[in-house]
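Reviewing the structure listed below.
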Number of protein chains: 4
Amino acid sequence: MISFECDYNTGAHPEILKRFEETNLIPAQGYGEDPFTASAKNRIRQECACPDAQICFLMGGTQTNAVAISSMLSEHQGVICADTGHIGTHEAGAIEYTGHKVLSLPSKNGKLEPEPLIAMLSAFFADEHKEHMVYPGMVYVSFPTELGTLYSKAELEELADICHAHGLILYLDGARLGYGLMSPSCDLTLPDLARICDVFYIGGTKVGALCGEALVFTRKNMPAHFLGAIKRRGALAAKGRLLGVQFDTLFTDGLYYRIGKHAIDMAEELKRLLRVKGYRFYLESPTNQQFVILEDTRYRELSRSIGIDFWGKYDAEHTIVRFTTCWSTSREDLLALSALL
Amino acid sequence: MISFECDYNTGAHPEILKRFEETNLIPAQGYGEDPFTASAKNRIRQECACPDAQICFLMGGTQTNAVAISSMLSEHQGVICADTGHIGTHEAGAIEYTGHKVLSLPSKNGKLEPEPLIAMLSAFFADEHKEHMVYPGMVYVSFPTELGTLYSKAELEELADICHAHGLILYLDGARLGYGLMSPSCDLTLPDLARICDVFYIGGTKVGALCGEALVFTRKNMPAHFLGAIKRRGALAAKGRLLGVQFDTLFTDGLYYRIGKHAIDMAEELKRLLRVKGYRFYLESPTNQQFVILEDTRYRELSRSIGIDFWGKYDAEHTIVRFTTCWSTSREDLLALSALL
Amino acid sequence: MISFECDYNTGAHPEILKRFEETNLIPAQGYGEDPFTASAKNRIRQECACPDAQICFLMGGTQTNAVAISSMLSEHQGVICADTGHIGTHEAGAIEYTGHKVLSLPSKNGKLEPEPLIAMLSAFFADEHKEHMVYPGMVYVSFPTELGTLYSKAELEELADICHAHGLILYLDGARLGYGLMSPSCDLTLPDLARICDVFYIGGTKVGALCGEALVFTRKNMPAHFLGAIKRRGALAAKGRLLGVQFDTLFTDGLYYRIGKHAIDMAEELKRLLRVKGYRFYLESPTNQQFVILEDTRYRELSRSIGIDFWGKYDAEHTIVRFTTCWSTSREDLLALSALL
Amino acid sequence: MISFECDYNTGAHPEILKRFEETNLIPAQGYGEDPFTASAKNRIRQECACPDAQICFLMGGTQTNAVAISSMLSEHQGVICADTGHIGTHEAGAIEYTGHKVLSLPSKNGKLEPEPLIAMLSAFFADEHKEHMVYPGMVYVSFPTELGTLYSKAELEELADICHAHGLILYLDGARLGYGLMSPSCDLTLPDLARICDVFYIGGTKVGALCGEALVFTRKNMPAHFLGAIKRRGALAAKGRLLGVQFDTLFTDGLYYRIGKHAIDMAEELKRLLRVKGYRFYLESPTNQQFVILEDTRYRELSRSIGIDFWGKYDAEHTIVRFTTCWSTSREDLLALSALL
């Protein structure tokens, strides 16, 4: 069965596997003290044009969000996110498990907007009872969003300005960052993100790695005793090289961008195909996730021959489904899909 | 300065203080194993017409909510409440501190409505990814609500039916229960609450006690090892008699209802006064909390001579303030207020 | 039945009840912003000769320990205590519930000794893997200890020096402080404690109050946003006057010391009685708790007519029991006891 | 520099890397719903002769311990372990972070002994105040232990009997299980472990995998909603195949045992070398970790040319160091070591 249901259903990009082979027997210290990890950090610092960036590699997205948010917030603070944000919907309550509230705000096409954010912060800081309330301490945005959309540079800067004017941290979840950066609609670069955000992560698991995310602290703001914080949350890899080797490879010869570009090209072709066949889009997405509204019977039918993802009910008789491309999506996959649509 | 800002700004009803005197030297075991506590439990079981009710006395409202919710929910579950609900707004994140998500729903005049609740539960249980989400495990309602409004018997029964149809617990926060029960608009009684709710609490702190809330489990559903659960949360009173004596007194000779009735009478008179003087109400409340919209300058002016509570900004130039009555509000207080309005 | 099983089995000292009466109708703000609380804080600052002391009043001992420890420690830190310490034995895991490890050390007669503490800290800070371990961040001592014993001024200063040399906080649990201060064996005063400890609490519940403990931060080291921290843990009394009035009274006309002195006098008499009757002491205690070794049959027999506390098994045929005096222990109680021994 | 400091300083066994290559492009569902994971589970069920075993794959040892312990214990329970146990010493407080106490007992050569366990459980369940204490709910043993030692079948069965007689779960941490099973001193097999233990894990990270541990529930006792529990703790791999492929390979053609056997052979040779050169052993270990006592100057000297692990100070002038072998230790490594000793 051809598979478009997610960007994590094949293995790793071949250059990564090759690199595992090459480095396999080189002894190296555990817990991230290996030379591959050191090299990967250097490459990321360079790509971000942020020589002081502090970086750590973690295993997956929910873990990275929980580690970053719970270790950076003070106890009295919560994290603001769009009501469609991953931490507030599909992470099984991982943030609340660490004791922090997710403060959700209405969003548009997956994006947090400045007006409700300003309104919420103004009301909060003017409230005479705020010591009895959860302080907003951080804003979480995903890029691309859960709906495949992107913030423009101006939009992200505006959110950052609002955050910083109120003493909040801006944190960007880049689980699918490679697909965002390579979208033709994107006007942001890694150096932009490092300049605008206080902390963000570069997603690996969904962008060609077997696992792994690179958490980047851009203001020398990595929490003290961070290694222990990671370990305490069960997130410290003994063989840190597993992550170091992968990110070192992803940032060698532009592999991360090549993977992103390929998936975006495939997504553009996929959109064309769907459009030609008369499918109705749930919204306009410029990245590797495409959302289509299907009649329920058609959804069940297609599900038998194509791997697609249930996104939610659109109405009593329609379902929203997601088609996703990734590093391994091929033209053959698209041809096969075309025949089935 | 006369004081209408809350229902916890004087001491305890004199009958309670008298009872402390009378019982003071009688030795009794600690941790709730005293005869006053036993008697108070019996009286509450009788008032609720619920002979199997399991009861424990706790120190305050936020504590009771946190103990009840965190000890009854499984780890994968969160608690649904109105977006104006106390646990989601003014408890400093106490529920999230225990690891559970508060799932907020839009509300009307402080009340949770059946439609959004049904919609939310239906969508949740139909979701193919629900194992990655926080399960709704409980519905929290406050009675009276934070805005002084009341559910009718029919409304509460409808919410209960929805909960039970989906396997959820219905929990009622009765911090101001006495004022709800004695409102002329109320068609619910303690036996109704015990029959309809799975667990609820009878508020003492705001209804004439120095401190204390009576948590009532109506289905033999008190969690196992509950004494330890209370202690672990720092909520176990060594001198349990402090709570037992108070609730035993509150449910002797109908004191709890007399306190409620008095405050409601005072609130009706207060409403009349405010209406006569042309004040604008934020909403119609049938209980002891009254919400009025004031111009900001008028708010600041009144604040100097009357204890009133900031509730929130109404718009750029107006503030919503709360006037509250309680067991100790007197006709003299109202006369003095009238002169200042 | 006469009662010697604990120091919390009668109500409050009559002067406290009288003060409740006198202040009952005076309106005052909630959450500790009342004048009684302000006055109580001032009196404690004076008694401690610590004009900068920051004070908050909480409801009970386990709660106070959990609030103090969890709000002062950083996430990577645990708290050291004697293996007999209350937080490590009889608080139902309240400290671990907040995420922090209790690091227990062997003790002698309930007291933490300098040697094992120094050995533990030296080994920890020399350990090359310490980032994978729980950092010791605080030392907890109880005064009197759970076994009724006392640290001398020199002993407490030595522990403080060790703590401060290693960057640790010294915290003293004074649940029964009044009985310690008034013991003839005690060479410590409140000003000494305020000078030596970084934070400590003055116990009320077990020293004549209905409830309440005064947590004293002696180095302007009260955590930021502390009101919210208290509320989040369900420990904030709406009617803060409940605690303010009690502590204001306890520190008026030396009531706290008078209560302590009375109980110590009663305990000395109790010891004399037990000794005369040939009872065997488990250890020599200079305060209001006395530990006696009884044959199991004798224990069961005495339990029928005297309230005494099971402390633990001594061996297969003997039980250690505790006799306790308090503010309300009378000479009549001792006479009655004498007849039964 | 030759490396003996740990068993996680090279990559994965080549058969694993080969298998990654072979399976890389086969699309498969995420979150452990892939065929490689299914096959790995089947193989482990067979190896354990436990057809009903429920298995999940996690990323690392501390994570696996935290997930297993915190999801199986009730809130009122803690976990007993040897005072040298990994969860109580080198996991940065990961268990307490989940709210549970680690109840440590004295041990001998890294092993928990039946006497102190029975004594502790008997005292606990006889204690009249046990509701104020942390209930023991589980016993944690490591196999091999942190000191390389092994329980015999009789010893493990005795511990299991004690656990089950008191209603406790027996959990075995098999981070280095392969080295234990293949030690000449071992009389336990996987089917024995599955029969004796209620839950245990088969370590991958330290036995030839890049990462991964297989958690095995042997009594149909996997907690409900376990996928969410894993996700909530940040432990759910999106590309579950990463773990499935590795464990499927480890249990193909006996690779897991071959890796264990090789490392044990190397360790035996290492022991012989050290003994011949006159080194003094800290204790007799029959597995892949060997502990040697060195003068501090000798330790510093050797550290410059050999990767060895600081284990702790032996006395003021001596250090305990650990030598470890693993799948990639070669005869050349031993020859090189021999020249340096």
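So that the names make sense, note that chain A is the first sequence line, chain B the second, and so on, each numbered from 1.
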(request) Select one option (side chain, backbone, both, neither) describing which atoms of D:L25 are under 4.5 Å from chain A's heavy atoms. (result) both

Less than 3.5 Å apart and able to act as donor and acceptor by atom type: which atom pairs between chain D and chain A qualify?
residue : atom : partner : partner atom : Å
D:Y8    : OH   : A:Y31   : OH           : 3.2
D:N9    : O    : A:A28   : N            : 2.8
D:N9    : O    : A:R241  : NH1          : 2.8
D:G11   : N    : A:N24   : O            : 2.8
D:G11   : O    : A:K239  : NZ           : 3.0
D:A12   : N    : A:N24   : OD1          : 2.7
D:A12   : O    : A:N24   : ND2          : 2.6
D:N24   : O    : A:G11   : N            : 2.8
D:N24   : OD1  : A:A12   : N            : 2.7
D:N24   : ND2  : A:A12   : O            : 2.6
D:A28   : N    : A:N9    : O            : 2.8
D:Y31   : OH   : A:Y8    : OH           : 3.2
D:Q63   : NE2  : A:G234  : O            : 2.9
D:H90   : O    : A:K231  : NZ           : 3.4
D:A92   : O    : A:R232  : NE           : 2.7
D:Y97   : OH   : A:R233  : NE           : 3.2
D:Y97   : OH   : A:R233  : NH2          : 3.2
D:T205  : O    : A:K239  : NZ           : 3.2
D:A209  : O    : A:K239  : NZ           : 2.5
D:K231  : NZ   : A:H90   : O            : 3.3
D:R232  : NE   : A:A92   : O            : 2.7
D:R233  : NE   : A:Y97   : OH           : 3.2
D:R233  : NH2  : A:Y97   : OH           : 3.2
D:G234  : O    : A:Q63   : NE2          : 2.9
D:K239  : NZ   : A:G11   : O            : 3.0
D:K239  : NZ   : A:T205  : O            : 3.2
D:K239  : NZ   : A:A209  : O            : 2.5
D:R241  : NH1  : A:N9    : O            : 2.8

(request) With sequence neighbours left out, write down each residue that passes ring-ring contact (aromatic ring centres under 6.0 Å, His included) with A:F247, or none if nothing qualifies. (result) A:F57

(request) Between chain D and each of A:G307, A:A235, A:A12, count heavy-atom pairs under 4.5 Å; write down the option with the most. (result) A:A12

(request) Report yes if some heavy atom in the side chain of D:M59 is under 4.5 Å from a heavy atom in the side chain of A:C211; otherwise report no. (result) yes

(message) Counting only non-hydrogen atoms closer than 4.5 Å, does A:A209 touch chain D with its backbone (N, CA, C, O), its side chain (CB onward), both, or neither?
(response) backbone

(request) Could you list the residues that satisfy ring-ring contact (aromatic ring centres under 6.0 Å, His included) with A:F36, not counting sequence neighbours? (result) none

(request) For each of D:A28, D:P14, D:G30, tally heavy-atom pairs with chain A at distances under 4.5 Å, and name the one with the top tally. (result) D:A28

(message) If I measure from the heavy atoms of chain D, does A:A237 come under 4.5 Å with its side chain, its backbone, both, or neither?
(response) neither

(message) Quick check for you: among D:A92, D:G240, D:G60, D:G228, which has the greatest number of heavy-atom pairs under 4.5 Å with chain A?
(response) D:A92

(message) Using a 4.5 angstrom heavy-atom cutoff, name the option from A:G11, A:G234, A:C6 with the most pairs to chain D.
(response) A:G11

